[in-house]
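Comments concern the structure below.
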Amino acid sequence: MRVLSLDISTNTGYALLDKERVCPILWGNVWNEEKVDTFGSYPYSYLKAADTIAHKIQRIVERHQPDSIVIEETNKGKNRYSQKILEFIHCRVLDRLNYLPWQPRIFYISTSVWRQKVGIELTKEQKKANAKLSKAKSKAGGKLTYDQKKALGLKGRTTKKHVAIIEVNRRYNLQLLQKDNDIAEAILLGVAFIEGAALANGK
């Protein structure tokens with residue numbers, strides 16, 4: 001049995017996993033080459049841009065015909081238009097999959113739930129480094145140069161997306177990079193689903 005997991009956004013990460021072996025078979029991204037405003041006038045530009053990504057996802061589903069599809073539940077965004085296109089994509093994906101000759105079983109899992117299930121947490125050392133970086137930035141007026149960071153023995157801020165990449169590479173001997181964070185999260189979302197993470201119910 002196979003599970004397709006989707007980290008839906010304007011740069012959607014996907015992964016097809018073997019349910020018995022709990023491992024990824026293939027993975028990748030789908031996105032639009034053009035920005036939303038190139039799809040015409042507002043608000044139809046959002047619908048068309050969302051549908052273009054939804055169509056690409058539909059083709060992946062049709063090609064691989066997974067037994068189950070698991071999607072990361074949406075989170076409240078800070079930018080209203082980023083949130084809008086995200087919700088449009090989710091809607092168009094469901095609409096397209098709803099009209100397939102067979103209706104795939106679709107499940108949603110909240111971000112915090114799947115991360116907890118697969119152990120995506122910052123270490124004490126990472127938290128301390130982040131706190132030290134924040135304090136140094138505050139003293140410097142909000143920004144630090146590369147040389148300033150180097151002198152303090154600091155790098156950039158570590159996030160749970162970084163941790164997800166580290167974990168996927170460790171588990172499956174992959175070489176995903178920071179730019180592949182959507183893929184890493186899609187893989188781990190699928191793993192969490194297979195391992196029995198609690199499902200979102202829309203309430």
Side-chain angles (χ1 to χ4, degrees), residues 1-32 50-75 85-121 159-203:
M1 297 180 69
R2 296 184 296 181
V3 173
L4 178 67
S5 53
L6 301 170
D7 180 12
I8 291 179
S9 68
T10 51
N11 184 13
T12 295
Y14 69 88
L16 187 68
L17 295 96
D18 182 296
K19 193 171 183 179
E20 282 68 35
R21 294 185 294 141
V22 195
C23 68
I25 301 168
L26 61 88
W27 53 87
N29 292 92
V30 294
W31 67 91
N32 288 333
D51 196 53
T52 301
I53 290 179
H55 176 63
K56 293 176 181 179
I57 293 172
Q58 177 188 346
R59 290 179 65 184
I60 292 170
V61 173
E62 290 175 328
R63 186 180 308 125
H64 300 291
Q65 298 191 15
D67 302 286
S68 301
I69 298 172
V70 58
I71 303 172
E72 183 181 55
E73 186 62 276
T74 55
N75 298 300
I85 187 63
L86 177 60
E87 301 292 357
F88 269 50
I89 297 169
H90 275 262
C91 181
R92 293 303 296 141
V93 167
L94 288 179
D95 187 52
R96 281 182 168 272
L97 299 185
N98 185 47
Y99 287 99
L100 290 176
W102 80 101
Q103 279 195 339
R105 298 180 67 201
I106 298 175
F107 305 91
Y108 275 81
I109 299 179
S110 297
T111 307
S112 59
V113 172
W114 74 253
R115 282 178 173 168
Q116 183 178 27
K117 187 68 177 177
V118 294
I120 300 304
E121 294 291 341
T159 69
K160 289 183 180 180
K161 289 184 179 292
H162 293 100
V163 178
I165 293 168
I166 294 167
E167 179 63 14
V168 166
N169 287 340
R170 182 192 70 78
R171 284 193 184 208
Y172 301 111
N173 195 28
L174 302 180
Q175 295 183 340
L176 298 182
L177 305 175
Q178 177 55 37
K179 66 182 180 66
D180 301 317
N181 63 82
D182 294 305
I183 296 173
E185 294 203 325
I187 292 172
L188 292 176
L189 170 65
V191 171
F193 172 74
I194 293 169
E195 293 182 349
L199 304 173
N201 60 9
K203 297 179 182 180

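Excluded from the calculations below are hydrogen atoms, water molecules and symmetry mates; all remaining heavy atoms, backbone and side chain alike, are included.
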Which pair of non-hydrogen atoms, one from I71 and one from L189, has the smallest distance, and what is that distance?
C-CD2, 3.8 Å
Nearest heavy-atom approach of I187 to A15 is CG1-CB, 3.6 Å
For Y14 and H64, does a side-chain donor sit closer than 3.5 Å to a side-chain acceptor?
no
Please determine whether a side-chain nitrogen of the Lys or Arg among E185 and R115 lies less than 4.0 Å from a carboxylate oxygen of the Asp or Glu.
yes
Contact summary for A198 and V113, nearest pair of heavy atoms
O-CG1, 3.5 Å
Please name the pair of heavy atoms, one in R171 and one in E195, separated by the smallest distance, quoted to 0.1 Å.
NH1-OE2, 4.0 Å
If we count only N and O atoms by modelled type, under 3.5 Å, do the side chains of E73 and S110 hold a donor and an acceptor together?
no
Spatial distance of atom CZ (R170) from atom CD1 (I165) [nearest 0.5 Å]:
15.0 Å
List the residues meeting ring pair (Phe, Tyr, Trp, His ring centres under 6.0 Å) with F107, not counting sequence neighbours, and say none if there are none.
F193
Rounded to the nearest 0.5 Å, what separation is found between the CE atom of M1 and the CD atom of E20?
7.0 Å
Find out whether N32 and K56 are in side-chain contact, i.e. whether some heavy atom of one side chain is under 4.5 Å from a heavy atom of the other.
yes
Separation between CD1 of I57 and CG of L94, rounded to the nearest 0.5 Å:
10.0 Å
Trace of the side chain to side chain contact (heavy atoms under 4.5 Å, CB included) decision for L4 with V70
CA-CA 6 Å; L4 178 67; V70 58; over 6 Å; no
Rounded to the nearest 0.5 Å, how far apart are CD of E167 and CG of L176?
12.0 Å
Worked check of side chain to side chain contact (heavy atoms under 4.5 Å, CB included) between W27 and L174
CA-CA 11 Å; W27 53 87; L174 302 180; 3.7 Å; yes
Between S9 and I89, is there a side-chain heavy-atom distance shorter than 4.5 Å?
no
Just wondering, do E87 and T74 contact through their side chains at under 4.5 Å, heavy atoms?
yes
Measuring from D7:CG to W114:CH2, what's the distance to the nearest 0.5 Å?
7.5 Å
For A164 and I120 the tightest heavy-atom approach is CA-CD1, 4.0 Å
Using the side chain to side chain contact (heavy atoms under 4.5 Å, CB included) rule, take D67 and V3 through it: C-alpha gap first, then chi angles, then the decisive distance, then the call.
CA-CA 6 Å; D67 302 286; V3 173; over 6 Å; no
So, for I25 and L17, which heavy atoms are closest and what is the spacing to 0.1 Å?
CD1-C, 3.9 Å
Inter- and intrachain pairs under side-chain hydrogen bond (donor to acceptor under 3.5 Å, both in side chains), touching residues 172-181, at least two apart
H162-Q178
Mind checking what makes side-chain contact (heavy atoms from CB on, under 4.5 Å) contact with Q58, not counting sequence neighbours?
H55, E62, R96, L100
Rounded at 0.5 Å granularity, tell me how far CD in E72 sits from OG1 in T12.
10.5 Å
